[in-house]
Amino acid sequence: MMKIVIGSDHGGFHLKETIRRELAEEGYEVKDVGTHSLDSCDYPLIAQDATAAILAGEAELGILICGTGIGIGIAANKVPGIRAALCHDVFSAKASRAHNNANILTMGERVIGPGLALEIVHAFLEGQFEGGRHERRVNEITALEQGGATHE
């Protein structure tokens with residue numbers, strides 16, 4: 001079964017716990033990088049731990065949650081090799097995997113409820129990168145991380 005890393009700040013704690021429990025019950029191997037309480041914490045540090053797990057091969061995909069999903073996603077996307085996608089609907093989750101080869105899903109606990117969030121998680125985890133013309137674009141994103149893409 002797929003290895004998943006999951007993390008949240010205090011604003012996403014309840015949704016993270018719901019998703020973590022569901023994925024574990026389904027047989028996913030889930031690495032929880034925190035937070036483990038409602039105490040205030042800094043989402044960039046959670047994003048750092050989750051992205052490190054993906055880059056080290058300890059997880060194939062990640063799920064990060066904060067109040068809106070925005071801040072934690074911005075932090076994750078600062079790390080070369082990470083393509084975090086903020087998704088609050090199933091179509092975007094599918095497209096983020098198929099077209100963008102996203103390796104982290106971000107969501108906001110204050111934006112969506114747990115039922116929809118679980119549908120989005122499943123769409124994301126079940127998605128596959130289509131390659132083809134999308135491969136070129138993902139490679140251009142990688143080039144931006146390395147100092148700039150070139151127009152051909």
Side-chain angles (χ1 to χ4, degrees), residues 1-9 11-13 15-16 18-20 22-24 26-34 42-152:
M1 191 57 107
M2 186 182 300
K3 295 178 183 179
I4 307 298
V5 62
I6 191 167
S8 73
D9 69 355
F13 175 73
L15 185 57
K16 176 192 66 102
T18 298
I19 293 168
R20 181 190 57 76
E22 177 77 17
L23 293 179
E26 293 174 7
Y28 288 93
E29 185 177 328
V30 182
K31 177 180 177 132
D32 185 346
V33 295
D42 298 327
Y43 59 77
L45 302 178
I46 301 297
Q48 180 181 18
D49 292 344
T51 58
I54 289 174
L55 295 176
E58 298 169 9
E60 297 170 56
L61 297 173
I63 301 166
L64 291 173
I65 305 162
C66 65
T68 62
I70 297 168
I72 205 161
I74 290 171
N77 277 321
K78 296 295 182 186
V79 178
I82 296 300
R83 291 172 304 281
L86 173 63
C87 301
H88 289 135
D89 63 83
V90 171
F91 176 81
S92 296
K94 288 179 182 178
S96 75
R97 295 283 295 129
H99 296 182
N100 309 113
N101 201 16
N103 50 13
I104 292 182
L105 167 67
T106 72
M107 295 183 291
E109 180 177 315
R110 297 174 185 150
V111 179
I112 59 173
L116 177 56
L118 287 168
E119 288 182 44
I120 292 166
V121 165
H122 287 108
F124 183 80
L125 297 179
E126 294 163 11
Q128 297 292 320
F129 184 51
E130 292 177 1
R133 70 183 189 277
H134 306 295
E135 181 82 32
R136 181 181 76 249
R137 295 169 185 147
V138 171
N139 290 340
E140 290 169 350
I141 292 169
T142 301
L144 284 171
E145 292 174 340
Q146 299 169 351
T150 59
H151 295 279
E152 294 182 25

Heavy-atom side-chain contact between [X] and [Y] under 4.5 Å:
| X | Y | value |
| --- | --- | --- |
| D9 | D42 | no |
| E22 | V121 | no |
| N101 | H134 | no |
| M2 | L61 | yes |
| I46 | V33 | yes |
| V79 | Q48 | no |
| E135 | F129 | yes |
| K16 | D32 | yes |

Task: Evaluation steps, side-chain contact (heavy atoms from CB on, under 4.5 Å), between T51 and V5 - done: CA-CA 9 Å; T51 58; V5 62; over 6 Å; no
Locate the shortest heavy-atom distance separating [X] from [Y]; write the atom from each residue and the value.
| X | Y | value |
| --- | --- | --- |
| N103 | A84 | OD1-N, 4.4 Å |
| V90 | A123 | CG1-CB, 3.7 Å |
| H88 | I120 | C-CD1, 3.3 Å |
| A59 | I4 | CB-C, 3.9 Å |
| P44 | A75 | CA-CB, 3.9 Å |

[atom1]-[atom2] distance between [X] and [Y], expressed to the nearest 0.5 angstrom:
| X | Y | atom1 | atom2 | answer |
| --- | --- | --- | --- | --- |
| T106 | I70 | OG1 | CD1 | 8.5 Å |
| I63 | I6 | CD1 | CD1 | 4.5 Å |
| I54 | K31 | CD1 | NZ | 11.0 Å |
| I74 | T68 | CD1 | OG1 | 8.0 Å |
| C66 | L86 | SG | CG | 8.5 Å |
| I65 | I72 | CD1 | CD1 | 8.0 Å |

Task: Donor-acceptor under 3.5 Å (E29 side chain, M1 main chain) - done: no
Open item on the list: Tell me if a side-chain donor or acceptor on E109 pairs with a main-chain N or O of L15 at a distance below 3.5 Å.
Closed with: yes
Task: More than 12 heavy atoms from other groups under 6.0 Å of CD on E26 - done: yes
